[in-house]
Amino acid sequence: MKIATWNINGFAARLDFLKRWLQDRQPDVVGLQELKLIDDAFPHEEFRELGYEAITHGQKAWNGVAVLSRLPLEILQTGLPGHEEAGARLLTVMVDGDLEFTTVYCPNGKSVEHADYAAKLAWFDGLIEYWQSRDGANAVLCGDFNIVHTALDSWRGAAADGDIFHTQEERARLQAVLDLGLNDLYRDRHPDEQTFSWWDYRGGSCHRGHGLRIDLILGSDAVRDSLLQVATDRDYRKKQDGMTASDHAPVIAELA
DNA sequence: ATGGCTCTCGCGGAGAGA
């Protein structure tokens, strides 16, 4: 089974690109972030034709998450309890009656001085509390975490320590998420490799290797034990026949 | 030091993103 996470930076702007990727990579379950789309505008029929059912938790202009799946889905939770005012950022579904699949678009925080930063930390505290309330035995938590876990995950290395995305407080929150019994599938399999999932649109960052690894697939021990391979799909951070890419690449994991 | 690009809304240019 192939599972994936991808911040598409606008569903409407990425529709054709997304459909091409689905047909090319054939994932079974995909968590999408930053749809910037209301639920009623989602073209379910177009995706059924490709073999995918979708559950969306969207909103107008900002945020928005969804799960696409070739296997049967059932909604378990829409929105992070107690943090709905922060936007549509969390969706948990049951896949095929077996796998608890959560996708998140974690808050950005803007800057360490901004009020959104404190709200970001509080949102993570809410996520930790939410996860503690779930079973989590056969579970995936994937998405755009907007936190760079270690210096290896930033093109600037330790020089970025203390900046937004790289603060001790943010890293402690992400570590607390991992301490809930979740494994960072990419880092678990590739302890020493530097691979990014996001590159700024500006200044040729992608070409210059100026990126961050902030899009993660976390899995419970049962999921980790079934991991065959995991990779960032960098080809889809590049233009395809004139279609503009998201600033995030998909991350794909194959499970036994 | 800042912006460098792209998105949405909505029709100009601002705000957000990371």
Side-chain angles (χ1 to χ4, degrees), chain A residues 5-18 21 31-43 56-66 83 85-90 103-121 123-124 142-171 173-174 194-216 232 234 236-251:
Chain A
T5 184
W6 195 7
N7 178 325
I8 55 173
N9 186 22
F11 179 86
R14 213 67 59 217
L15 177 57
D16 293 338
F17 200 94
L18 171 61
W21 176 77
L32 299 175
Q33 303 89 38
E34 269 206 279
L35 274 70
K36 305 181 182 178
L37 187 79
I38 58 172
D39 291 331
D40 287 348
F42 192 91
T56 65
H57 176 42
Q59 72 178 81
K60 186 181 171 79
W62 308 114
N63 309 312
V65 287
H83 293 265
E85 77 291 344
R89 296 179 179 275
L90 179 143
T103 192
V104 288
Y105 174 47
C106 303
N108 175 301
K110 290 192 178 71
S111 69
V112 175
E113 300 78 20
H114 199 282
D116 284 9
Y117 176 70
K120 177 181 189 176
L121 298 178
W123 193 92
F124 271 92
C142 68
D144 176 359
F145 285 78
N146 277 329
I147 296 177
V148 175
H149 190 205
T150 72
L152 182 60
D153 298 314
S154 173
W155 69 276
R156 292 171 59 211
D161 288 355
D163 289 0
I164 187 74
F165 284 45
H166 307 72
T167 68
Q168 288 182 10
E169 291 165 306
E170 291 166 299
R171 285 172 166 168
R173 296 316 191 279
L174 182 53
Q194 186 168 66
T195 297
F196 305 132
S197 65
W198 172 88
W199 297 263
D200 200 308
Y201 279 124
R202 300 167 293 186
S205 295
C206 192
H207 182 68
R208 293 159 63 166
H210 293 181
L212 305 173
R213 192 176 73 93
I214 52 176
D215 300 273
L216 310 177
T232 300
R234 277 198 63 173
Y236 279 85
R237 175 59 181 78
K238 299 167 186 163
K239 271 193 174 168
Q240 302 269 341
D241 292 337
M243 293 186 288
T244 307
S246 170
D247 45 357
H248 297 252
V251 181

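Side chains are part of it too, since the values below use all heavy atoms of this structure and drop only hydrogens, waters and symmetry mates. Naming convention: chains lettered A, B, ... in sequence-line order (proteins, then strands); numbering from 1 in each chain.
Annotation: cation-pi pair A:Lys239/A:Phe17 absent, no NZ/CZ under 6.0 Å from the ring centroid and within 45° of its normal.
The side chain of A:Tyr201 has B:dC5 as its nearest neighbour among B:dT8, B:dA18, B:dC5. The listed nucleotides are B:dG17, B:dC9, B:dT6; the one nearest the side chain of A:Lys60 is B:dC9. If you check B:dA18, B:dC5, B:dT8 against the side chain of A:Glu34, the one that comes closest is B:dA18. Each of B:dC7, B:dG17, B:dA18 was ranked by its minimum atom distance to the side chain of A:Arg89; first place goes to B:dG17.
A salt bridge links A:Arg156 to A:Asp163: one of the charged nitrogens lies within less than 4.0 Å of a carboxylate oxygen. Classification of A:Asp40 and A:Lys60 as a salt-bridged pair fails, no side-chain N sitting under 4.0 Å from a carboxylate O.
No engagement by A:His210 is indicated, since no non-hydrogen atom pair under 4.0 Å with the nucleic acid exists. Across all strands, A:Arg208 comes closer than 4.0 Å to no nucleic acid atom at all (heavy-atom distances). Within 4.0 Å of A:Asn146, counting heavy atoms only, lie sugar-phosphate atoms of the nucleic acid but no base atom. When heavy atoms are screened at a 4.0 angstrom cut-off, A:Phe196 is found touching no nucleic acid atom at all. Among the protein residues, A:Asn7 comes within range of the sugar-phosphate backbone only, with heavy atoms under 4.0 Å from sugar or phosphate atoms but none that close to a base. Within 4.0 Å (heavy atoms only), A:Ile164 reaches no atom of the nucleic acid at all.
Toward the 5' end of DNA chain B, the nearer of the two residues A:Asp116 and A:Ala13, judged by each one's closest nucleotide, is A:Ala13. Along DNA chain B, the nucleotide closest to A:Phe165 and the one closest to A:Ala245 are compared, and the more 5′ of them pairs with A:Ala245.
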* Asked: Does the side-chain hydrogen bond (donor to acceptor under 3.5 Å, both in side chains) test come out yes or no for A:Thr5 and A:Asp215, once each step is laid out?
  -> CA-CA 7 Å; A:Thr5 184; A:Asp215 300 273; 5.4 Å; no
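Following rounding to the nearest Å, A:Lys238 (NZ) and B:dT6 (P) show an atom-to-atom distance of 17 Å. Regarding A:Leu37, its CG atom lies at a distance of 13 Å from the C1' atom of B:dC7, rounded to whole Å. Atom pair A:Asp200:CG and B:dA16:P shows a separation of 17 Å (rounding to whole Å applied). One interatomic measurement links the two molecules: CG of A:Asn9 to C1' of B:dA18, which rounds to 11 Å at whole-angstrom precision. The separation between A:Arg14 atom CZ and B:dT6 atom C1' is 8 Å, rounded to whole Å. Between the P atom of B:dC9 and the CD atom of A:Gln59 lies a distance of 11 Å, rounded to the nearest Å. Distance, A:Lys120 NZ to B:dG17 P: 10 Å, rounded to whole Å. Computed from coordinates, the A:Asp247 CG to B:dC7 P distance equals 9 Å when rounded to whole Å.
For the P atoms, the distance linking B:dG13 with B:dG4 amounts to 16 Å, nearest Å. A distance of about 29 Å separates the C1' atoms of B:dT2 and B:dC11, rounded to the whole Å. Taking atom P in both B:dA1 and B:dG17, one finds a spacing of 23 Å when rounded to whole Å. Comparing the P positions of B:dG10 and B:dT6 gives an interatomic distance of 23 Å, to the nearest angstrom.
Shown here, B:dT6 forms a base pair with B:dA16; the pair counts as Watson-Crick or G-U wobble because both key distances fall under 3.5 Å.
Under the 4.5 Å side-chain criterion, counting only non-hydrogen atoms from C-beta, A:Asp144 is in contact with A:His248. Using a 4.5 Å heavy-atom cutoff, the side chains of A:Gln168 and A:Asp161 are not in contact. The shortest distance between side-chain heavy atoms of A:Lys36 and A:Asn9 falls below 4.5 Å.
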Below 3.5 Å between N/O atoms, which protein atoms pair up with nucleotides 13-15 of chain B? Just atom names and distances, please.
none

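Contact between the side-chain N/O atoms of A:His248 and the OP1/OP2 oxygens of B:dA18 is found at a separation under 4.0 Å. OP1 or OP2 of B:dA18 has at least one side-chain nitrogen or oxygen of A:Tyr105 nearer than 4.0 Å.
Checked against a 6.0 Å centroid threshold, the rings of A:Trp155 and A:Trp199 do not count as neighbours.
Using a 30° and 60° split on the angle between ring planes, A:Tyr236 and A:Trp21 fall in the perpendicular class, above 60°.
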